[in-house]
Amino acid sequence: MRPTNSRRLVFQPGSYASLQSGANQIVNAIRPTLGPLPRVVAIDRILDTRIPELLDNGGTIAKRIIQLRDMHADVGAMYVRDCLWQLQDQEGDGTATAAVIFQSVFNQGVRHVAGGYNARRLQTYLEEGARLVLAELTRMTAAVNGKERLAQAAYTVCQDAELSDLLGEIFDIVGEYGRLEIREDSGRGLEREYVEGMYWEKGLLSRELIADWTRVRSELEDAAVFISDLSLREPEDLLPILVCALKNERRRLLIIANEISDSAMSLLLANNRKPEEFQVLAVHTPGHGAEEQAWFLTDAAILCGGRPYIREAGDHPRGLRPEHFGRARRVWASRENFGIIGGRGDPRMLRRHIAELQQTFEDSLDVVYRSKLEKRIGKLLGGSATLRIGGVSEHEIEERKERAERTALAVRGALREGALPGGGAALLACRPALHERLRQAADDEEAAAYRILIDTVAEPMRALAANAGYNPALAVGEAEAGGTGFGFDVLRGEAVHMTEAGILDPASVQKAAAVTGITSAALALTIDVLVHRPDQPARASVRPPSKRKRL
Amino acid sequence: MAENRIEQDSVYGLAATPDFLEGGRCFAARASGLYVSSDGGRTWRDAYRSLALKTPLTTVTVALSPQPAPETTVFAGALGGVLRSTDSGENWLTATLPTPPPYVVAIAVSPEYESDGLVFAATMEDGVFRSWDRGASWAAWNFGLLDLNVYALAISPDFGRDETLYVGTESGIFSSTNGGRAWREVPFAMEAAPVLSLALSPGYAADGILLAGTEASGLFRSADRGASWQRVYEWDGDSAVNQLVVANTGSGSWVLMALAGTSVSYSRDGGSHWRSLPAAASLDAAPTCICAPQGLAAGEPLLLGLEDGRVILAEIPDWQA
């Protein structure tokens with residue numbers, strides 16, 4: 001073994017010791033938050049009031065730990081932080097489970113490598129084991145339907161009965177792609193609201209277009225829709241649209257454009273003086289940037305059955321024909337938003353378009369792109385839900401909103417991929433398959449890998465029981481004695497059949513947590529040398545990790 | 001066979017209380033309004049007379065709540081709203097739907113109406129409206145309903161437990177398993193749509209059988225709650241399957257009756273084989289709707305609405321004959 005003798009380079013065994021030290025610090029900070037009876041982590045707030053932030057969510061705790069004083073240990077801590085951050089962004093939950101799995105695999109792996117096992121071979125076998133665990137969890141996964149089941153899945157994430165019930169109801173209605181907006185509210189509790197049709201976060205181009213000042217919005221029935229990203233800078237640009245509408249008896253018109261100049265708007269307002277004869281609304285083209293606007297134009301054209309007028313294609317309203325207008329049963333617009341209810345496009349085309357978007361969503365690995373696609377699909381599905389979060393203090397509202405957001409992400413995952421027995425029972429139930437593989441192990445590293453995993457799959461249940469004040473070994477023993485599907489219900493203090501007791505975990509979260517924990521620990525075992533850059537900044541960057549989906 | 005001509009316009013929909021032959025009521029929805037008979041269909045009168053309408057109110061569909069008379073509530077679907085009467089059609093309360101006025105083409109009342117008060121109205125261009133207060137107020141519930149041109153609405157006989165509904169639309173079929181609050185696409189071939197009629201077997205809770213009548217592609221059947229479909233029958237010519245009626249025959253089996261094109265046929269094997277209904281074969285006008293208020297057991301009454309405005313009272317034949 002080479003000695004640790006450089007300020008910038010750390011060799012074995014110092015590199016393992018440093019990684020372990022850093023990883024153990026961050027995992028030990030997260031570990032108490034696992035389970036329905038978690039303990040809270042207080043984080044000093046440097047930037048504002050110095051009132052500590054009280055957290056029971058592993059992902060947020062990991063995000064808050066931006067640097068350890070020991071620069072060598074910091075490498076291990078930041079490695080774990082990056083893995084957990086990605087998991088949090090991707091699944092909304094599962095960080096504490098992944099953290100304890102990481103710790104168990106890494107610490108046991110280090111002992112084996114120190115004892116002469118080959119780290120690279122151990123990594124290979126651990127990754128094989130991770131695939132086996134994934135296969136076993138997939139086998140155990142059951143679909144989640146109905147608001148009660150969804151509420152149960154939500155409860156395991158947030159341990160907030162009122163929030164869980166509402167999210168169960170909301171997702172039962174809006175579905176896995178449905179649009180849900182979570183907003184802070186001035187009230188004391190939780191409120192939900194369902195909005196018919198689809199709407200976009202762009203509003204009227206002029207306040208003069210507001211017809212109903214009580215509700216600060218305008219509505220049109222049976223409207224023609226001019227869909228574009230054009231800038232209508234001169235009255236001559238607007239005129240063909242108005243003429244075409246009037247000539248063809250389209251007496252209600254919604255114009256969607258990037259810009260309407262003051263002079264063109266004057267023409268529009270002049271034509272709007274007798275709304276009983278002719279009424280026009282004009283709204284901004286939604287979307288930030290060319291790509292999002294192009295998506296909107298495509299979606300709106302399919303939804304309303306019109307032809308979009310596109311600036312980049314050199315389109316001008318001079319070429320407008322009546323069949324280029326889209327149609328909608330109702331449209332509405334306010335200063336901030338506009339909406340379409342009952343677009344008159346071809347429903348077959350709309351269904352095919354949504355199916356294509358869903359397929360693209362399934363195939364994509366990019367978390368940001370998936371999120372945009374999800375919002376796009378959600379809009380087209382024809383309705384949205386808003387969950388308003390109130391509370392007695394700003395801090396409570398903020399904390400509950402954050403909890404609602406990550407629970408919503410996990411419930412979407414449960415809708416897509418189903419649910420597993422909760423409380424670590426599903427992971428524990430992987431043990432027979434791992435034992436079988438251990439019996440067939442061909443070499444020492446393979447046997448070691450499966451021994452590590454057999455112990456590790458019980459670790460989340462142990463941590464959960466310990467956090468609730470129970471003897472971890474006894475809890476796991478009781479659960480195993482109960483048989484398949486049994487776990488330890490820390491609220492009742494006894495082994496129960498988790499599915500029958502309604503204790504469920506979103507399958508996507510559990511799978512992602514297990515795979516993240518095992519594979520990132522396996523990879524960490526192959527790290528031999530730590531190199532610090534000479535220009536290491538005084539404080540680590542708080543930039544989020546890359547947003548690539550890992551699975 | 002009794003018959004009575006009430007006006008010259010087509011009968012769009014029929015509904016009758018099980019005791020309509022013994023003092024109960026039957027209703028006929030027409031372009032010229034809603035008509036009611038209290039003598040088994042021998043004489044008819046304007047059911048909307050208490051409304052003193054200046055112009056006829058075209059009524060496309062009529063449905064009854066499942067309570068026994070006189071507690072029965074009558075729901076009539078018209079252009080722009082749903083009317084309801086709690087006194088057998090004497091007086092009416094109206095509930096308007098959001099403008100522009102949609103055509104209500106089908107109404108389904110929850111089998112558990114007495115306790116849940118749920119009523120659903122399908123519309124031509126605005127999807128499905130849902131009322132949870134016995135028809136007093138309505139709200140559009142179209143989450144996931146990607147096609148708002150709805151032609152047919154069918155409710156599970158076990159709705160109190162499974163909360164299942166289906167709608168047939170211009171482009172296919174959608175289902176709801178949460179009491180009409182959200183809809184999901186059913187994998188039905190879009191090429192075979194529009195779907196004009198739907199029916200669930202009386203034992204749907206156990207057998208999961210669902211039938212869909214299309215405009216031009218015949219009859220389709222699913223035995224797994226819509227997960228997969230088979231075309232089971234296609235009538236000759238341009239025969240749109242406008243209505244499907246399913247009911248127990250009283251001997252443990254069920255019969256499917258279809259109004260396809262201008263013929264009324266029945267099937268005793270879930271739609272694979274069909275025979276013409278004798279009572280309809282000899283009619284001199286095309287039937288437009290059918291109603292079996294007491295089910296499809298042999299000897300029970302069957303009402304047939306015709307395109308020339310008549311309502312014919314026939315008898316269910318002996319299925320074994």
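Sequence lines set the chain letters: A, B, ... in the order given, protein chains first and strands last, and positions in each chain run from 1. Basis for what follows: all heavy atoms, side chains included, without hydrogens, waters or symmetry-related copies. Since the structure is predicted, the reported quantities are computational estimates derived from the model, not experimental observations.
- No part of B:Trp183 comes within reach of chain A, as not one of its non-hydrogen atoms sits under 4.5 angstrom from that chain.
- A 4.5 Å side-chain heavy-atom check between B:Asn178 and A:Lys147 finds every atom pair outside the cut-off.
- Using a 4.5 Å heavy-atom cut-off against chain A, the contacting residues of residues 120-136 of chain B are B:Glu125, B:Asp126.
- A:Pro347 places none of its side-chain heavy atoms less than 4.5 Å from the side chain of B:Thr169.
- Across all their heavy atoms, B:Pro102 and A:Arg329 have their closest contact at CA-NH2, 3.7 Å.
- Rounding to the nearest 0.5 Å places CZ of B:Arg181 at 12.0 Å from CD1 of A:Ile170.
- Contact detail for B:Ala182 and A:Ile173: the closest heavy-atom pair is CB-O, 2.9 Å.
- With a threshold of 4.5 angstrom between heavy atoms, B:Ala139 does not approach chain A through any atom at all.
- Heavy-atom contacts from other residues, nucleotides or ligands closer than 6.0 Å to CG of B:Asp236 number 12 or fewer.
- Environment of CD in B:Gln230: sparse, with no more than 12 heavy atoms of neighbouring residues, nucleotides or ligands closer than 6.0 Å.
- Of residues 348-358 of chain A, those residues lying under 4.5 Å from chain B by any heavy-atom pair are A:Arg348, A:Leu350, A:Arg351, A:Arg352, A:Ile354.
- Taken from CG in B:Asn142 to CG in A:Leu381, the straight-line distance is 12.0 Å, to the nearest 0.5 Å.
- Between chain B and the residues A:Ala385, A:Gly178, A:Ser384, the most heavy-atom pairs under 4.5 angstrom are made by A:Ser384.
- The environment of CD in A:Glu191 is sparse: at most 12 heavy-atom neighbours from other residues, nucleotides or ligands sit within 6.0 Å.
- Heavy-atom distances place both the backbone and the side chain of B:Leu146 under 4.5 Å from chain A.
- Within a 6.0 Å sphere centred on CD of B:Glu114, other residues, nucleotides and ligands contribute 12 heavy atoms or fewer.
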